[in-house]
Engineer: 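There's a structure below that I have some questions on.
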Amino acid sequence: MPDSQLPIGVFDSGMGGLTVLSALAKAMPHEQFIYLGDSARLPYGTKSADTVVRYARQASGELVRRGVKALVVACNTASASALKTLAEDYAPLPVYGVVEPGAQAAASQADSSGVLVLATESTILGGAYQRALLQQNPSLEIYGRACPLWVTLAEQGWVGHQAAALTQHTLEHGLRGFIEVGSRPNTVLLGCTHFPVFRQQIETLVGAGVSVVDSAQTTAAVVAEDLSKHNLLRNASTATHQMQFLATDGVERFRKVGGYFFGGALSHVELVDL
Ligand code: DGL
């Protein structure tokens, strides 16, 4: 088994996975983390599954080479296409994805009106969320909508008050058909790590009575529970909290804009070449 003193490796195609990292750090306050954002090759969500698997292997390889005790694939697109391959590549290293925890979170809220999954093209077309949700509840009504432009807006830091009109219009376009209609699903699943930065606007658009969920908290709970079960958590009395950030391009922009996703300022971001 891996050394429990090592950090936990987390990767995403860009900054979106920082929303998952933030939840992981809250769930496991004594752990150290290395986060890799593959900003040079984002978006993953418009690429073929083969390409996403190749990129995910390279990003994971970098983290594993640096020494990690577990790997969290904090990217829905990579989790959907590459999780099985990565788990096989690195066994017995524990490898966790975000799709199953996200499906769990959504299925626990959904009633007979169903779930609307908002994600990248690749995630929606590959059907991983649809399968994971049906595993939770075989009679669940599932709707899927690809919202690739949301990734671009989020990654550019066009959240909150900046460019409010354009962001609002793009969010409305993504949710067309699900705003203010009588029979809309009661649960919206943010199946892309970039989307939680728009949670407030999405909640306002879909209106009261609709739960907006994402996979960050459920993933963090799954990882914390599993690492604890395998005695892989650090000793709380001696441990210090540490974060290391890596990106494959635009490190200064990554550091500045990443704060929106992480919910706090990022320290130094190291440039890596995969
Ligand atoms: N972070 C990716 C996800 O969660 C989406 C961004 C991309 O297209 O690269 O699916």
Side-chain angles (χ1 to χ4, degrees), residues 9-24 35-60 63 71-83 86 96-103 105-106 116-133 144-159 170-171 174 188-199 202 212-220 245-250 253-254 257-258 260-262 274:
V10 182
F11 89 89
D12 181 48
S13 57
M15 300 177 201
L18 292 167
T19 57
V20 179
L21 178 67
S22 170
L24 289 165
Y35 179 93
L36 174 90
D38 193 5
S39 40
R41 302 190 291 192
L42 174 124
Y44 281 14
T46 52
K47 312 247 168 23
S48 68
D50 284 352
T51 300
V52 172
V53 170
R54 184 157 50 87
Y55 289 177
R57 282 180 128 160
Q58 291 169 344
S60 306
L63 292 169
L71 196 60
V72 180
V73 184
C75 173
N76 293 263
T77 308
S79 293
S81 297
L83 191 66
L86 297 176
Y96 307 96
V98 289
V99 170
E100 271 186 32
L116 167 62
V117 182
L118 303 170
T120 64
E121 267 170 59
S122 166
T123 303
I124 296 295
L125 293 177
Y129 262 116
Q130 292 88 322
R131 287 191 292 279
L133 283 162
R145 172 70 53 81
C147 305
L149 282 181
W150 294 12
V151 175
T152 311
L153 283 176
E155 197 75 18
Q156 292 297 323
W158 286 36
V159 299
T170 311
L171 294 175
V188 171
L189 170 57
L190 305 180
C192 173
T193 51
H194 286 73
F195 297 173
V197 289
F198 301 124
R199 178 189 291 276
I202 295 168
V212 178
V213 300
D214 67 57
S215 51
Q217 270 77 31
T218 28
T219 301
F245 299 98
L246 316 174
T248 51
D249 197 14
R253 210 175 69 75
F254 197 97
V257 181
Y260 287 119
F261 294 86
F262 190 52
L274 303 180

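Hydrogens, waters and symmetry mates are skipped; everything else that's a heavy atom, side chains included, is used. Sequence positions, counted from 1, serve as the residue numbers for this chain. All ligand and atom numbering here is 1-based and tracks the order in the structure.
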Engineer: Out of all atoms in ligand 1, which are within 4.0 Å of some heavy atom of Val151? Include the element for each.
Structural biologist: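 Matching atoms, with element in brackets: 6 (C), 7 (C).
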Engineer: Using a 4.0 Å heavy-atom threshold (strictly under), name the region of Ser13 that reaches ligand 1: side chain, backbone, both or neither.
Structural biologist: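 It is the side chain that gets close, since no backbone atom is under 4.0 Å.
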Engineer: May I ask you to test the Leu116-Arg145 pair for a side-chain heavy-atom distance under 4.5 Å?
Structural biologist: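 They are in side-chain contact.
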Engineer: Is any N or O atom of Thr123, backbone or side chain, closer than 3.5 Å to an N or O atom of ligand 1?
Structural biologist: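 For ligand 1, there is no N or O atom that lies under 3.5 Å from one belonging to Thr123.
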Engineer: For Gly16, state whether at least one heavy atom is located under 4.0 Å from any atom of ligand 1.
Structural biologist: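 No, Gly16 has no heavy atom closer than 4.0 Å to ligand 1.
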Engineer: Hey, which atoms in ligand 1 end up nearer than 4.0 Å to a heavy atom of Tyr44?
Structural biologist: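 Heavy-atom distances to Tyr44 below 4.0 Å select 7 (C), 8 (O), 9 (O).
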Engineer: Under a 4.0 angstrom heavy-atom cut-off, which atoms of ligand 1 come close to Pro43?
Structural biologist: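 Once the distances to Pro43 are compared, the set is 7 (C), 8 (O), 9 (O).
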Engineer: Looking only at atom types and distance, does a side-chain atom of Lys47 sit under 3.5 Å from a main-chain N or O of Arg41, one as donor and one as acceptor?
Structural biologist: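 Checked: pair present.
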Engineer: Taking side chain as C-beta onward, heavy atoms only, is Asn76 less than 4.5 Å from Ser215?
Structural biologist: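 Yes, their side chains come closer than 4.5 Å.
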Engineer: Given 3.5 Å as the limit, does a donor-acceptor pair link the side chain of Thr219 with the main chain of Pro101, or not?
Structural biologist: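 Checked: no pair found.
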Engineer: Do Tyr35 and Leu24 come within less than 4.5 Å of each other through their side chains, counting heavy atoms only?
Structural biologist: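 Heavy-atom side-chain distance check fails, nothing below 4.5 Å.
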Engineer: To check your reading of the model: name the closest protein heavy atom to atom 2 (C) of ligand 1, its residue, and the distance in Å.
Structural biologist: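 Checked against all protein heavy atoms, atom 2 (C) of ligand 1 sits closest to Cys75 SG, 3.4 Å.
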Engineer: Using heavy atoms and a threshold below 4.0 Å, how should the contact between Thr193 and ligand 1 be classified: side chain, backbone, both, or neither?
Structural biologist: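 Both backbone and side chain.
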Engineer: Tell me the contacting part of Leu42 for ligand 1: side chain, backbone, both, or neither, using a 4.0 Å heavy-atom threshold, strictly below.
Structural biologist: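 The answer is the side chain.
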Engineer: Does ligand 1 come near enough to Thr120 that some N or O of the ligand is less than 3.5 Å from an N or O of the residue?
Structural biologist: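 For ligand 1, there is no N or O atom that lies under 3.5 Å from one belonging to Thr120.
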Engineer: Counting heavy atoms only, which part of Asp12 comes closer than 4.0 Å to ligand 1: side chain, backbone, both or neither?
Structural biologist: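 Near ligand 1, Asp12 shows its side chain, while the N, CA, C and O stay back.
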Engineer: Hey, can you tell me if His194 and Phe261 have their rings parallel, tilted or perpendicular (30° and 60° cut-offs)?
Structural biologist: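 Answer is perpendicular, since the angle exceeds 60°.
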Engineer: Please report which non-hydrogen protein atom sits nearest to atom 10 (O) of ligand 1, along with the residue it belongs to and the distance in Å to one decimal place.
Structural biologist: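 In this structure, atom 10 (O) of ligand 1 has Thr77 OG1, 2.6 Å as its nearest protein heavy atom.
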Engineer: Which protein non-hydrogen atom lies closest to atom 8 (O) of ligand 1, naming both residue and atom, and how far is it?
Structural biologist: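 Checking every protein heavy atom, the shortest distance to atom 8 (O) of ligand 1 gives Gly45 N, 2.8 Å.
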Engineer: Are any side-chain N or O atoms of Arg57 and backbone N or O atoms of Ala82, one a donor and one an acceptor, separated by less than 3.5 Å?
Structural biologist: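 A pair under 3.5 Å: no.
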Engineer: Just by modelled atom types, is the Cys75 backbone N or O under 3.5 Å from a matching donor or acceptor in the Thr193 side chain?
Structural biologist: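 Answer holds: no.
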Engineer: Considering only the protein, which heavy-atom contact is closest to atom 3 (C) of ligand 1, and what is its distance?
Structural biologist: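 Closest protein heavy atom to atom 3 (C) of ligand 1: Asn76 N, 3.4 Å.
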Engineer: Answer whether the closest heavy-atom distance between the side chains of Thr120 and Val151 falls below 4.5 Å.
Structural biologist: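 Touching, per the 4.5 Å side-chain cut-off.
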Engineer: Determine, using heavy atoms of Cys192 and all atoms of ligand 1, whether some pair is separated by less than 4.0 Å.
Structural biologist: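 Judged by the 4.0 Å heavy-atom criterion, Cys192 does count as contacting ligand 1.
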Engineer: Within the structure, does Thr46 bring an N/O atom to less than 3.5 angstrom of an N/O atom in ligand 1?
Structural biologist: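 For ligand 1, there is no N or O atom that lies under 3.5 Å from one belonging to Thr46.
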Engineer: Under a 3.5 Å distance rule, please check whether Gln130 uses its side chain to pair with a backbone N or O of Ile124 as donor and acceptor.
Structural biologist: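 Flag set: sc Gln130 to bb Ile124 pair under 3.5 Å.
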Engineer: Taking distance alone, with N or O pairs closer than 3.5 Å, would you say Ala74 contacts ligand 1?
Structural biologist: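 Min N/O separation from ligand 1 is not below 3.5 Å for Ala74.
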Engineer: Test side-chain hydrogen bond (donor to acceptor under 3.5 Å, both in side chains) on Asp249 and Ser39 and set out the steps.
Structural biologist: CA-CA 5 Å; Asp249 197 14; Ser39 40; over 6 Å; no
